[in-house]
Amino acid sequence: MIGKFVNGAGLSLIMLATGSPAFAYKEGRSPGEIPDIPGGWQHLFHELLIDITVIGVIFAAITIYFLIKYRRRQPGQEGRPPKLSPAAAIGWAVIPAFIFMADDLYLAAESWTLFNEIRTVPENAYEVKLEGAMWSWNFKYPDGVETTNELRVPAGTPIVVRMTSRDVIHSFFIPDFKVKEDLMPGRITYVWFYPKDPGEYLITCAEYCGVIHSSMRGTIIAMQKDEFNKWIEAEKKASMEGGA
Amino acid sequence: MSTAAISPDKSFGRTLKEWIFTIDHKRIGVLYLIGSLAAFAVAGLMAMLIRIELGSVGPTITNPNTYNTWLYFHGAAMILAFQIPALTGFLANYLVPLMIGAKDMAFPRLNALSLWLFWAGIIVALLTFVIPDSPDIMWTGYPPYSLRTGGNTALYVFTVHLMGFSSIVGGINLITTIMYMRAPGMTWRKLNIFVWSTLGAFILQLIFIPVLAAAVTMLLFDKYIGTHFFDPSAGGDVLLYQNLFWFYSHPAVYVILLPTMGMIFEITATFAKNRVFNYKMVVYGGIGGVVLLSGEVWIHHLFTSGMPDWIRMGMMVSTLMISIPVGLLMIGLIGTLYRAAIEYTTPMLYAVGFIFLFLIGGLTGIPNAMTAIDLAIHDTHFVVGHFHYVMAVSTTFAIFGSVYYLFPKMTGKMYNETLGKLGFLISFIGVNITFFTMMVVGIKGMPRRYFDYQQFAHLEGLHHIVTIGAFIIGIGAAVVLISWIHGLVAGRKAVDNPWSSKSVEWMTKTPPPPGNFHPIPRLSEDWHPYGYGN
Ligand code: HEM
Ligand SMILES: [Cu+2]
Ligand SMILES: [Cu+2]
């Protein structure tokens, strides 16, 4: 714990001094390697749980100890508070403030790293456009194929979704990938995720959008690359035949 | 004659008239309390209905339209009509003049105006259940939904206007009172923590309410007279509203937090019979720090709203920094227990309960503050669990504790300790079952404001637990209410200073006469509101 505070304080000093987020980046990833966002999230969340549990237990334990030790033993009894010297009074404000700040900045730096990864779309990501509407998710693929409430993607490729809304605000939330971002009329936002393996993942709306808000859901279907290519070719053909 | 008791020699009509036209701050405070408890009761009933609906997958007792109205009313009423008025209306009005040794507020008639504006707000809010097109825009009222819905957005806007106007009038009054009406010898260094915290809260109200008023007025204009502030197809911007809304509504949680903390300090110092630990740290570092930081963190409500990345990072840091003043307040509070002589009355139990609830609530705010983590948990039940701990329930405990604390002062009678403690215990168990489980539901991905959860059907077991917890809270609240009625009807007579407090409000009679002090107290050099154990 102490080491962590010291690290946090040191790191924050460096960050403040250089004004650069560069120090918060994790080393050791080869260029082009795709960061594991859900894994990083779990890791950070776990670390955070330990952090807040430790702080909580310290505060709670001291409180419980005081509550038991200093209960009133006879009627009319009053407390016997120690006199705080001016130095002690200032110390009791400044030292805890510094400890809290060190922990805050440590956590901020950790979060900063992950956040940058979440917001940096990997190169060569497969791009899909999304328009939200009351109440459906409407996807549009690069080749013009369109789907509703179903996003088929090739597994093993990072996917970036560029989104906007036709009417009110919705929020594109994929619980499994730990990402969410709002869709707004008049604005374009994005979110990216990396379905490593084939599988199905839930999409669910996270911004109140009216009566059907809680049923505004969809599915991400990550397919083997060749299967995906077959599917999209077939769709293209079908839509061309249908449209012509 | 006494403040609250109805004397037998007067007709009921006469008494009613006296209360309606009153400009006595104590009666105004009591009328604020009655209004805010009424709002709490109705909004609490809504919470129970919401929880029954969410108890199992699929429609249970209602349809999504009605459900959304319940949820709208629950949130809006709990904040605008219960917590803010109970703290800055009831407690500030009732206590501040008594605590500083004043005969009344600086502007008694203005005080009556702010009271009746508040009551008008309550009536307008309650119209929700009468009109056919009830509002369904949640307490946040985000456009474009609030502009497109068939629900009555104007009702929401007018409720906010009335409550806001009431608060502004009250704020001017309270700040003036604190500045100019202090009794001789009541120096700034001896001001009760509650008075300091009220001052902080009203400074925030005066700075930030106009922003909210502007935001909802723009909503009104957009919806009903065709302006385009929030309409991107005509050059407006949907995010403008969210920024304005949270620019007020984040500081608003400190408007709620500060007087809450203030009352917890009063109760703790009185029953621990101890001085407040490091008074200056609490006032300058804690209250001052919260006031200074409150306006620099609102983007943490917009972490997934497509704001530029750099501002999300910046406001993550400022948000985390809030832990500094809040941590100092907690150290001051827990330090007040050090070498104390704690007596466990009902109000003290509520104060102790507050410490633990607030600890859980405060620490679970850190995951929300960390942008990268929040991208996943924003707008889920985790947030709902967190803010009920840190604000909804903590503050409700402070308000209930304060009602018990001031019960003798207001009514001249004592409540029954056994009933009071029983109500506390049941509620404390209930809130932990409910809101801790709610956070777990949220971590597992379930978004908030969901009428149904087919896609999270596997969470039904947890939802059962949340609903059972809510019912335990309901039973607890009923016991609390019974204890108050019992105290009013059958309580034994209270002495002037039943808690042997050193604070000025207990130096006058209980209940205090009109004009409070005859004569105004002169406070000696060595008097201090927390001068115990010297
Ligand atoms: C008495 C026990 C209470 C219970 C059982 C309860 C329960 C709930 C539930 C189930 C929700 C809806 C979650 C969702 O689907 O989004 C909710 C929302 C909310 N509650 Fe409570 N609540 C209680 C007390 C309070 C209190 C005292 C406050 C005071 C501030 C409060 C403020 C809110 C707010 C602001 C919302 C959000 C409404 C919105 O989404 O617009 N609640 N509560
Ligand atoms: Cu939606
Ligand atoms: Cu939605």
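To find a chain, count down the sequence lines: A is the first, B the second, and so on, and within it residues start at 1. This is a predicted model, so every value here is computed, not measured.
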Report which part of [X] has an atom under 4.5 Å of a heavy atom belonging to chain A: side chain, backbone, both, or neither.
X	result
B:I324	both
B:Y279	neither
B:V352	side chain
B:R448	backbone
B:S305	both
B:D237	side chain
B:S233	neither
B:T371	both
B:L333	neither
B:I373	both
B:P325	neither
B:R148	side chain
B:Y67	neither

For each of [options], tally heavy-atom pairs with chain A at distances under 4.5 Å, and name the one with the top tally.
options	answer
B:V282, B:L239, B:D231	B:L239
B:G285, B:A369, B:P367	B:P367
B:N274, B:D309, B:N68, B:D452	B:D309
B:Q455, B:M330, B:R449	B:Q455
B:Y284, B:F356, B:F271, B:F451	B:F356

Problem - Partner chain B: residue of A:G76, A:A97, A:G210 with the largest heavy-atom pair count (under 4.5 Å) - result: A:G210
Could you grab the distance from atom [atom1] of [X] to atom [atom2] of [Y], nearest 0.5 Å is fine?
X	Y	atom1	atom2	value
A:D182	B:L302	CG	CG	8.0 Å
B:M370	A:W112	CE	CH2	13.0 Å
B:L363	A:I55	CG	CD1	6.0 Å
B:H378	A:F173	NE2	CZ	10.5 Å
A:S214	B:M446	OG	CE	8.0 Å
A:I68	B:L337	CD1	CG	12.0 Å

Any donor-acceptor N/O pair, [X] side chain to [Y] backbone, under 3.5 Å:
X	Y	answer
A:T189	B:G306	no
B:Y142	A:V168	no
A:Q77	B:A340	no
A:K180	B:A376	yes
B:N278	A:A89	yes

Between the side chains of [X] and [Y], does any donor sit under 3.5 Å from an acceptor?
X	Y	value
B:Y450	A:S215	no
A:E181	B:T304	no
B:Y145	A:D167	no
B:S323	A:D104	yes

Exercise for the section: I would like to know whether A:T204 and B:F456 meet side chain to side chain contact (heavy atoms under 4.5 Å, CB included); could you show each step before the answer? Expected result: CA-CA 10 Å; A:T204 197; B:F456 295 99; 4.0 Å; yes
Practice task
Could you tell me how the ring of A:F66 sits relative to the ring of B:Y338: parallel (under 30°), tilted (30 to 60°) or perpendicular (over 60°)?
Solution key: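 Rings of A:F66 and B:Y338: tilted, as their planes differ by 30° to 60°.
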Practice task
Could you walk me through whether B:L320 and A:Y106 pass the side chain to side chain contact (heavy atoms under 4.5 Å, CB included) test, one step at a time?
Solution key: CA-CA 10 Å; B:L320 287 167; A:Y106 171 78; over 6 Å; no
Exercise for the section: With sequence neighbours excluded, give me every salt bridge (Lys or Arg N to Asp or Glu O under 4.0 Å) pair touching residues 322-345 of chain B. Expected result: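 Those involving residues 322-345 of chain B are A:R72-B:E343.
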Practice task
State which residue, out of B:T140, B:I137, B:D136, B:D379, fulfils the side chain to side chain contact (heavy atoms under 4.5 Å, CB included) condition with A:Y208.
Solution key: B:D136
Exercise for the section: For B:N63, check side chain to side chain donor-acceptor pair (under 3.5 Å) against everything at least two apart and list the hits. Expected result: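 Side chain to side chain donor-acceptor pair (under 3.5 Å) list for B:N63, sorted by chain: B:T66.
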Exercise for the section: Take atom OH of B:Y344 as the centre, draw a 6.0 Å sphere, and report whether it contains more than 12 heavy atoms from other residues, nucleotides or ligands. Expected result: yes
